[in-house]
J.: 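My structure is below; once you've seen it, I'll send some questions.
This is a predicted model, so every value here is computed, not measured.
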Amino acid sequence: MAAAKAKRWRYAMVCSSNMNRSMEAHSLLGRAGLDVASYGTGAHVKLPGPSLHEPNVYDFGTPYNAIYDDLRRKDPDLYKRNGLLPMLKRNSTVKAAPQCWQDNAGDGPFDVVLTFEEKVFDSVLEDLNSREQRLINTVLIINMDVKDNHEEAGVGAKLALDLCQRLEAVDAWEDTIDNTIAAFEKQHKRKVMYSISFY
């Protein structure tokens, strides 16, 4: 009789707009075979515009391809140069559109939620704590600060993959989380914070 396959965790990658950091990590973890989804916690999807005071703002659910077409129509040189067009092209190969964390209850429970800035971490915790807890399944929420630029998003995605693979290697993260986080922080010289909530 074949041994039962170890349980695979469900992961959620979360940043503010579900554009850069969470999508870079979603793409990399997906290619590594992990069960992953991604979200943003902002009120809208915000992308840099022609100036600091003129961001491009979209509703969650606006397809990445539609945003790509809109930016290409507005100023193809600027948005190619600043990396938005290539980023949107990548995003459209991962999923159709940015999704809002606060609207994800129907996606079912996650085992691990990884955020990339403290205010996003706080938003996820606040949202989970305000939901009716029906299943009493534990969920681990981890924050690792990653600057919101293309280069750092790439580094952050590799670190996210390493951390998730460490969690994937244990039978019950509840028993080993302190040691797992400490070893990760020591190796990568990155400060990580975490909390536990419930579904």
J.: Quick one: pull up NZ in Lys189 and CD in Gln187 and give me the separation to the nearest 0.5 Å.
T.: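 It comes to 9.0 Å.
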J.: Tell me which pairs pass ring-ring contact (aromatic ring centres under 6.0 Å, His included) where either residue lies in residues 34-62, with sequence neighbours left out.
T.: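 As it turns out, the ring-ring contact (aromatic ring centres under 6.0 Å, His included) pairs with a partner in residues 34-62, which skip direct neighbours, are Tyr39-Trp101, Tyr39-Phe110.
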J.: So, Asp69 and Arg73, do they make that salt bridge, N to O below 4.0 Å?
T.: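 Here Asp69 does not pair with Arg73 in a salt bridge, since their nearest N and O are not under 4.0 Å apart.
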J.: Is any side-chain heavy atom of Tyr68 closer than 4.5 Å to one of Leu85?
T.: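 Leu85 vs Tyr68: side chains touch.
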J.: Counting C-beta onward and ignoring hydrogens, is there a side-chain heavy-atom pair between Asn104 and Gln99 closer than 4.5 Å?
T.: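 Side chain of Asn104 against side chain of Gln99, heavy atoms only: no contact under 4.5 Å found.
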J.: With heavy-atom distances below 4.5 Å as the criterion, would you say the side chains of Phe116 and Glu152 are in contact?
T.: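 The answer is no, as the side chains (C-beta and beyond) never meet within the 4.5 Å cut-off.
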J.: May I ask you to test the Tyr64-Val94 pair for a side-chain heavy-atom distance under 4.5 Å?
T.: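 Heavy-atom side-chain distance check fails, nothing below 4.5 Å.
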J.: Is any side-chain heavy atom of Arg190 closer than 4.5 Å to one of Val146?
T.: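 Yes - at least one pair of side-chain heavy atoms lies under 4.5 Å apart.
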J.: When rounded to the nearest 0.5 angstrom, what is the spacing between OG in Ser195 and CZ in Phe121?
T.: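 Result: 5.0 Å between the selected atoms.
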J.: Strictly by side chain to side chain donor-acceptor pair (under 3.5 Å), give each pair with a member in residues 113-122 just once, sequence neighbours left out.
T.: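 Applying side chain to side chain donor-acceptor pair (under 3.5 Å) to every pair that reaches into residues 113-122, excluding sequence neighbours, yields Arg21-Glu117, Thr115-Asn143.
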J.: Measuring from Tyr79:OH to Arg72:CZ, what's the distance to the nearest 0.5 Å?
T.: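 Taking OH in Tyr79 and CZ in Arg72, the distance rounds to 14.0 Å.
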J.: Is any side-chain N of the basic residue among Lys158 and Asp162 closer than 4.0 Å to the acidic one's carboxylate O?
T.: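 The answer is no: the pair does not qualify as a salt bridge.
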J.: Strictly distance-based, threshold 3.5 Å: is any side-chain N or O of Asn18 a donor or acceptor partner for the main-chain N or O of Met23?
T.: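 Side chain of Asn18 to backbone of Met23, a donor-acceptor pair under 3.5 Å: no, none is there.
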J.: Side chains of residues 175-182: which donor-acceptor partners sit under 3.5 Å, not counting sequence neighbours?
T.:
residue : atom : partner : partner atom : Å
Asp178  : OD1  : Tyr194  : OH           : 2.0
Thr180  : OG1  : Thr176  : O            : 2.9

J.: Run the numbers on Glu24 and Leu28 for side-chain contact (heavy atoms from CB on, under 4.5 Å), then give the verdict.
T.: CA-CA 6 Å; Glu24 184 74 34; Leu28 186 62; 5.6 Å; no
